There are 2 protein chains.
Amino acid sequence: MSISPYSYSGSKPKASIRLAANSCPFNTACEGCSSRHISLCNVLDSNDLKSFSKLSTDFQKAAKQIICAEDEKAEHIYNIRSGAVRLSKMLSDGRRQITGFLFAGDFFGLSCKDKYSFTAEAITEVKICRFNRTKIIESFQDYPRLGERVFDMTRTELNSTHDQMLLLGRKTAKEKLCSFLIIMKEKSGRINVRDENEVDIPMSRSDIADYLGLTVETVSRQFTNLHKLGLIELDGAHRVFLKNSKALLALAEGE
Amino acid sequence: MSISPYSYSGSKPKASIRLAANSCPFNTACEGCSSRHISLCNVLDSNDLKSFSKLSTDFQKAAKQIICAEDEKAEHIYNIRSGAVRLSKMLSDGRRQITGFLFAGDFFGLSCKDKYSFTAEAITEVKICRFNRTKIIESFQDYPRLGERVFDMTRTELNSTHDQMLLLGRKTAKEKLCSFLIIMKEKSGRINVRDENEVDIPMSRSDIADYLGLTVETVSRQFTNLHKLGLIELDGAHRVFLKNSKALLALAEGE
DNA sequence: CGATGGATTGAACTGGTTCAAGTGGAGTGG
DNA sequence: CCACTCCACTTGAACCAGTTCAATCCATCG
């Protein structure tokens, strides 16, 4: 199997590292991304992109570092250049729900109003491009296609949260894990096209559990279970080979 | 207790009734709505509203009728003038997840792309105002504030689906029902301000169950449970008096 | 009045959790 | 290079919150 595009270093959080100014507004030429990912570059011409890159700050975060926190004033929007990020919400006693995993090309912070409605944390080492929210939103007037694109992305996100509500409310543990693997397969194809059935799982079992509304133990048991059924092959905890993704999809949809 | 603004008739579905042309584009003056609900009228002047009303068709549906179905071509957007609507998604074996309850002033269909991503059904008798999606979306160019408002509504919706994901994935049955009552209290205040602690529950126990990811029996037991705890008073199945909404809110947040 | 269908209640059951004990792989330091 | 530590992951076994199945209740309607 090939080398993972993520880094799984178990190292402790370090201070975030400011990167040298560069040319990646809206992920125009971000590393590790195939052309298929959702990007904003194709709605702006190269001159406009130059002016946008002046508005951006690039930085880097190590795994486990917080990028922005729930209830914090929402001053920025973020675009992931590489790595993986999780968005989550918490109850006061620490119960956590992960509302989404994000990868190279993905945006977050756009749908917030005055405060962030989630906490964003780096799962792997990430490179991130940050913009001033107010300036970006104001620029929708001058660049209507940009605004349309952002609206479009928000709609797509809303539709997928509805799918996730069906998963959380009505699917069994087995169906949940199959759905997760199918989702990861699709995202993975977007980021790095190797064998499309070879899927990287950068997040921990506990992240997966909090995404699916399960416990770590149940997630682990279901991985074992799917392996015993001959549907997947495991290569460590962070790489899965989907031996029969058609059957997995059927299971995911409860068929 | 006062008279409910909904009708709970158990009558069988009838054909949808076309209403006479009227003056309610974007719920400008919809019946039963307080001024607090989300409306689009305040981003358009009266002349613009007149031209929008030409684009609209008003109609009425009896309880249990389908307004639009999942996977159907998304030709319209809808605005509820009165009554209650449920949006849901289904698995092939019939398991259902209700993604939202909508009331007077609410829109739906805006976040869809080519197909509806949900089924919308009337819970009570509803009056609905319908627009051609393409025309509305095109009009964002001439009425940018309208587009902004729609984007804003989509963001609000996205944020509340994230709260619902936390509920579905991580809350207990008791916490789920408390959250539901608090949500209904807030919506209810928007529609008809009487005693703010007197809440109408137009939907069935089975709708509530499918909204909270529970079974009818559990919902019913939790109603009884909250009653025994002295937190609510029940007046039939469709009206609840919140005796201690502070305590209910605390329970809803898992405190 | 009986029929119908939603709501409630009871009792048995179970999928997923909880608690507890291993296992294994990566990093550390001698 | 090996031994030790740490921590994420796995596995096992007991438990329980919520489901399932089965009455029963009760309001509405023809």
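All values derive from a computational prediction rather than experimental measurement. First the proteins, then the strands, lettered A, B, ... as listed; each starts at 1.
- Between Asn225(B) atom CG and dA17(D) atom P there is a gap of 12 Å when expressed in whole angstrom units.
- Going from atom CG of Leu234(A) over to atom C1' of dT11(D) covers 15 Å, rounded to whole Å.
- Remark: Leu231(B) pairs with Leu226(B), Leu229(B), Asn244(B), Ala247(B), Leu248(B), Leu251(B) by the side chain to side chain contact (heavy atoms under 4.5 Å, CB included) rule, at least two apart or across chains.
- Between His238(B) and dA7(C) there is a side-chain polar atom (N or O) within less than 4.0 angstrom of OP1 or OP2.
- The nearest whole Å value for the distance from the CZ atom in Arg170(B) to the P atom in dG18(D) is 13 Å.
- The side-chain hydrogen bond (donor to acceptor under 3.5 Å, both in side chains) test applied to Ser204(A) returns no partner, not counting sequence neighbours.
- Between its opening and closing five pairs, the helix from dC1(C)-dG30(D) to dG30(C)-dC1(D) changes axis direction by 30°, a value rounded to 10 degrees.
- Only one option out of Lys228(A), Arg239(A), Lys243(A) pairs with Glu233(A) in a salt bridge (charged side-chain N to carboxylate O under 4.0 Å, His left out); it is Lys243(A).
- Residues that satisfy the ring-ring contact (aromatic ring centres under 6.0 Å, His included) test with Tyr116(A), not counting sequence neighbours, are absent from this structure.
- Residues of residues 247-255 of chain A that place a heavy atom closer than 4.0 Å to DNA chain D do not occur.
- Residues meeting the side-chain hydrogen bond (donor to acceptor under 3.5 Å, both in side chains) test with Gln222(B), sequence neighbours left out: none.
- For residues 157-168 of chain A, every residue pair satisfying the salt bridge (charged side-chain N to carboxylate O under 4.0 Å, His left out) rule, not counting sequence neighbours, is listed here: Asp163(A)-Lys89(B).
- For Arg96(B) and Tyr211(B), the positive end is not near the middle of the six-membered ring at less than 6.0 Å and at most 45° from its axis.
- Between the CG atom of Asp210(B) and the C1' atom of dG6(C) there is a distance of 14 Å, rounded to whole Å.
- Applying the salt bridge (charged side-chain N to carboxylate O under 4.0 Å, His left out) test to pairs two or more places apart or on separate chains, those with a residue in residues 166-177 of chain B are Arg95(A)-Glu175(B), Asp210(A)-Arg170(B).
- The CZ atom of Arg95(B) sits 15 Å away from the C1' atom of dT20(D) (whole-angstrom rounding).
- Applying the ring-ring contact (aromatic ring centres under 6.0 Å, His included) rule to Tyr78(A) yields the partners Phe108(A); only residues at least two apart in sequence or on another chain are considered.
- Rounded to a whole Å, the CZ atom of Arg205(B) is 13 Å from the C1' atom of dC26(D).
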What pairs of nitrogen or oxygen atoms, one from the protein and one from nucleotides 9-16 of chain C, lie under 3.5 Å apart?
from	atom 1	to	atom 2	distance (Å)
dT9(C)	OP2	Thr224(B)	OG1	2.7
dG10(C)	N7	Arg221(B)	NH1	3.0
dG10(C)	O6	Arg221(B)	NH2	3.4
dA11(C)	N6	Arg221(B)	NH2	3.3
dG16(C)	OP1	Ala173(A)	N	2.8

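- Rounded to an integer number of Å, the gap from Asp235(B) CG to dA27(D) C1' is 13 Å.
- Annotation: side-chain hydrogen bond (donor to acceptor under 3.5 Å, both in side chains) contacts of Ser220(A) (sequence neighbours excluded): none.
- For the pair Arg239(A) CZ and dA8(D) P, the interatomic distance rounds to 21 Å; values are reported in whole Å.
- Checked against side-chain hydrogen bond (donor to acceptor under 3.5 Å, both in side chains), Asn159(A) has the following partners two or more places apart in sequence or in another chain: Ser117(B).
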